[in-house]
Chemist: 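The structure's right below; bear with me while I get my questions together.
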Amino acid sequence: MSVTTWPRRFLASLLAIAALLTMVWLSRVHWRNPPADAAELRVSWRIPAPSDRRCRPPTDAELEGVLPHMRPAEICTDEAVPFRLDILLDGDTLRSGPVAGAGRRARAITVYERFAIPPGSHGIVVEFVPEAANANAPGARAMSLDASVTAAPGDVILVAPDDNGRLYVSGGS
Amino acid sequence: MLKRQLGRVLSRIDGWADRLYGSKWNPLYQSGGLAVLCLAVMLVTGIYLILFYRIGAPYESIVRIDGQPWGGRWIRSLHRYAADLAVVAVFVHALRMFCQGRSWGPRALAWVSGVFLVFLLYVCGLTGYVMVWDTHGQLLAAEGARLLDALPIFSEPISRAFAGADALPSAFFFMNLFLHIAVPVGIVIFLWLHVSRVARPVLLPPRPLLWVTTGLLTVAALAVPAAFGPPADLLRLPGEVTLDIFYTFWLPWVRSAAPGVVWLAGVAAGTALLAVPLLTRPRADRRPAPSHASTRLCTGCEQCYTDCPYDAIRMVERTDDREGTVALVNPSACVSCGICAGSCAPMGVGPPGRTGRDQLGRVKDFVREHPGAGGDIVLVGCGRSAAGADGHHARFLVSCAGNLHSSVVEYLVRSGARGVLVVACPARDCSGREGPKWLVERLFHEREAELKARVDRRRVRVAHASAFDPWSLAAALGDFARDLARLDQPGADDDVDVLAECELAGTAASQDPPLPGTGRTAGS
């Protein structure tokens, strides 16, 4: 190998190592996930949607033309009970409105709400109640929570029901 | 316009890299092979890692793997760095194909399958990061779920799984692991599709480059083990996250963008990539015409069928009154590289205007127009090589060195040229894939359409030099001129056994020895 190839080989090796080190460095770039000084409030549950079943005897017009053995004793409608969800933080409304299960018939009602909140002490109020017209439907049970929490930066405050269907708060202090 | 500008920048970088590493070992020319090598490294290291991974305790199993300083830690790091290098190699490979216009027509399948390969590579990489289940993995999973929730696919938000109310089910990690293992199977299938239209695909880089790359990755894995963050905690917002720029460069932007915007951007980027074959296709009147085989001249020797780098020629039974087979070009598979023109001794096949006969007609005009070139070295080469940039010697340019018919070289030598230096692109950068390889075989190794024995091969030489590599061309010219000067000394022929010399020259060309003082290769 001639003398002139040595500097070139050295430079080539140096460049390869530099490229490798750059690749290694780029594979471990630290990133502060913004916002650094925020906390989060999560409200999450999934319940079987209670349904409001209403039945009535068929009218003569409805039975007309229907074969005797095909005539129903009663005609029923089966509709999912809509709920209303209100979430308040320190008296300010974060969310207020109806929640319904997917589809017309009884399906599960899923609630999943996330709100960025400032760290510190907060009063949280959550109301999950069936709409007034369906309040007496079987299984249409309300859930509510009124709690105070303290969230540190990066904390997640989670509001979820326990096994008995009562809302509780976890996370924070 | 963009393609041309990028192409010029890339060619300049190629030139410098050629000067440093030599065209044979220039990693930029081996980008596709390096990507496959990285996949192979990931496969081997992944098999080891899977033995220690537990879907019931993902983070703990990673900590356990990382606790094996002479086993798991560097193997996992090697797995990671190979994945990173694969992205770099794939990006360079795609950029090269784009700039060189190798993305449309018969090559569209390779481009489109390449886009899907990139997608699968990313799915594989991202599921790999989720497997670690540190804060980075948690953020990726949560963001992925948020984006999927924006699509009208799921009846319930899947993001709720990451709410923190319940521990994540093992089924999630099982599905993630399944994807991480199953997607490479898809990669293999698409890789097959990717190279299905080329003959003799080269899937790996040359061995020295293969071992050096693997060695460098291993050294990096030993010296700087791959990092991972604190364990995922669904009841904490991931604060400080260690990003891998190659896979999760998009995370900071996506984190602050609406899902709809992210999907729109993703679909737009994907559509743009898939549309490249249409966008880069030249206008109909500028598209090079595919090769055509003359049934009258074809002798059925099958050499064009053998040499075609794209399997675009097949041999069919003759339908005229002669017996045997005849070459038939499939226009939809032909990229008009013209390599068949150089392979056909009776000059019966090739793209219109570039057959051996056309070349011979042109070289006759060339000799008439350059009467003074008789006593000098004549450069013959493709326009993409350094021959296209040289202004000091008479140049006879062909579309590809592999396109060159040996009779052109013979004509130049017999017309009195002092020597003929054929300048080809670096072997792994030939737009016709195998042009330089077949050229050397035809000129020095008696491959069909060979340079006739009556031609003094000492006056013919092959050099490889890219467009922005004038150094290699100058070195090759200097060496050639010195050898020719020795040859031109009175009585030089008396001391030389011509037959033995030709034999030696042929052997030297096949081994592609380095040119003295350049580290470059040249057949001589």
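Proteins get letters first, then strands, A, B, ... in listed order; numbering begins at 1 in each.
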Chemist: Under 3.5 Å, side chain of B/Tyr21 to main-chain N/O of A/Ala12, donor-acceptor pair present?
Modeler: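 Here the side-chain-to-backbone pair exists.
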Chemist: Can you tell which part of A/Ala16 gets under 4.5 Å to a heavy atom of chain B, answering side chain, backbone, both or neither?
Modeler: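 Contact with chain B is through both the backbone and side chain of A/Ala16.
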Chemist: Inspect the surroundings of CG in A/Asp163 and state if more than 12 heavy atoms from other residues, nucleotides or ligands are less than 6.0 Å away.
Modeler: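 No - once you tally the heavy atoms of other residues, nucleotides and ligands closer than 6.0 Å, there are 12 at most.
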Chemist: Using heavy-atom distances under 4.5 Å, tell me whether A/Arg46 contacts chain B through its side chain, its backbone, both, or neither.
Modeler: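 Answer is both: backbone and side chain atoms of A/Arg46 are under 4.5 Å from chain B.
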Chemist: Does atom CH2 of B/Trp16 have more than 12 heavy-atom neighbours, drawn from other residues, nucleotides or ligands, at distances under 6.0 Å?
Modeler: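 It does not: B/Trp16 CH2 has 12 such atoms or fewer within range.
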Chemist: Does a side-chain heavy-atom distance below 4.5 Å link A/Met23 with B/Leu217?
Modeler: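 With C-beta onward as the side chain, the pair touches.
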Chemist: Measure the spacing between CZ of B/Arg236 and CD of A/Glu40 and express it to the nearest 0.5 Å.
Modeler: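 Between atom CZ of B/Arg236 and atom CD of A/Glu40 there are 12.0 Å.
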Chemist: How many angstroms lie between atom CG of B/Leu235 and atom CG of A/Leu158, to the nearest 0.5 angstrom?
Modeler: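 These two atoms lie 6.0 Å from each other.
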Chemist: Can you name the closest pair of heavy atoms from B/Arg19 and A/Arg8 and give their distance?
Modeler: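 That closest heavy-atom pairing would be O-CD, 2.8 Å.
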Chemist: Is it the case that more than 12 heavy atoms not belonging to A/Phe115 sit under 6.0 Å from its CZ atom?
Modeler: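 Yes, because the 6.0 Å sphere around CZ of A/Phe115 holds more than 12 heavy atoms from other groups.
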Chemist: Kindly give the heavy-atom pair with the smallest separation between A/Ser27 and B/Phe246, and that separation in Å.
Modeler: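 That would be N-CE1, 4.2 Å.
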Chemist: Which region of A/Val159, side chain (C-beta onward) or backbone (N, CA, C, O), has a non-hydrogen atom less than 4.5 Å from a non-hydrogen atom of chain B, or is it both or neither?
Modeler: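 For A/Val159, neither part sits under 4.5 Å from chain B.
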Chemist: So which atom in B/Pro157 and which in A/Tyr112 form the shortest heavy-atom distance, rounded to 0.1 Å?
Modeler: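 Minimum heavy-atom separation between B/Pro157 and A/Tyr112: CG-CB, 4.1 Å.
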Chemist: Atom CH2 of residue position B/Trp253 - does it have more than 12 heavy atoms of other residues, nucleotides or ligands inside 6.0 Å?
Modeler: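 Check passes, neighbour count above 12.
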Chemist: Look at atom CZ of A/Arg56 and say whether more than 12 heavy atoms of other residues, nucleotides or ligands are closer to it than 6.0 Å.
Modeler: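 Atom CZ in A/Arg56 is crowded, with more than 12 foreign heavy atoms closer than 6.0 Å.
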Chemist: Roughly how far, to the nearest 0.5 Å, is the CG atom of B/Leu216 from the CG atom of A/Leu21?
Modeler: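 Reported value, rounded in 0.5 Å steps: 9.5 Å.
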Chemist: Under a 3.5 Å distance rule, please check whether A/Arg42 uses its side chain to pair with a backbone N or O of B/Phe162 as donor and acceptor.
Modeler: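 Such a contact is found between A/Arg42 side chain and B/Phe162 backbone.
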Chemist: Side chain, backbone, both or neither: which part of B/Ser159 has a non-hydrogen atom closer than 4.5 Å to chain A?
Modeler: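 The answer is both parts of B/Ser159.
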Chemist: Of the backbone (N, CA, C, O) and the side chain (C-beta and beyond), which part of A/Leu26 lies under 4.5 Å from a heavy atom of chain B, both, or neither?
Modeler: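 Both parts, backbone and side chain.
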Chemist: Would B/Thr242 and A/Arg28 count as having a side-chain donor-acceptor pair, cut-off 3.5 Å?
Modeler: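 No.
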Chemist: May I ask you to name which of B/Ile245, B/Leu243, B/Leu139 has the most heavy-atom pairs under 4.5 Å with chain A?
Modeler: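 Counting heavy-atom pairs under 4.5 Å, the top option is B/Leu243.
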Chemist: Compare all side-chain heavy atoms of A/Val156 with those of B/Leu234 and state whether any distance is below 4.5 angstrom.
Modeler: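 With C-beta onward as the side chain, the pair stays apart.
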Chemist: Between A/Thr110 and chain B, with a heavy-atom cut-off of 4.5 Å, which part of the residue counts as in contact: side chain, backbone, both or neither?
Modeler: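 Contact with chain B involves the side chain of A/Thr110 alone.
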Chemist: What distance do B/Thr135 atom OG1 and A/Trp31 atom CH2 have between them, rounded to the nearest 0.5 Å?
Modeler: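 If I round to the nearest 0.5 Å, the distance is 10.5 Å.
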Chemist: Give me the atom names and distance for the closest heavy-atom approach of A/Val24 to B/Ala220.
Modeler: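 Closest heavy-atom pair between A/Val24 and B/Ala220: CG2-CB, 4.1 Å.
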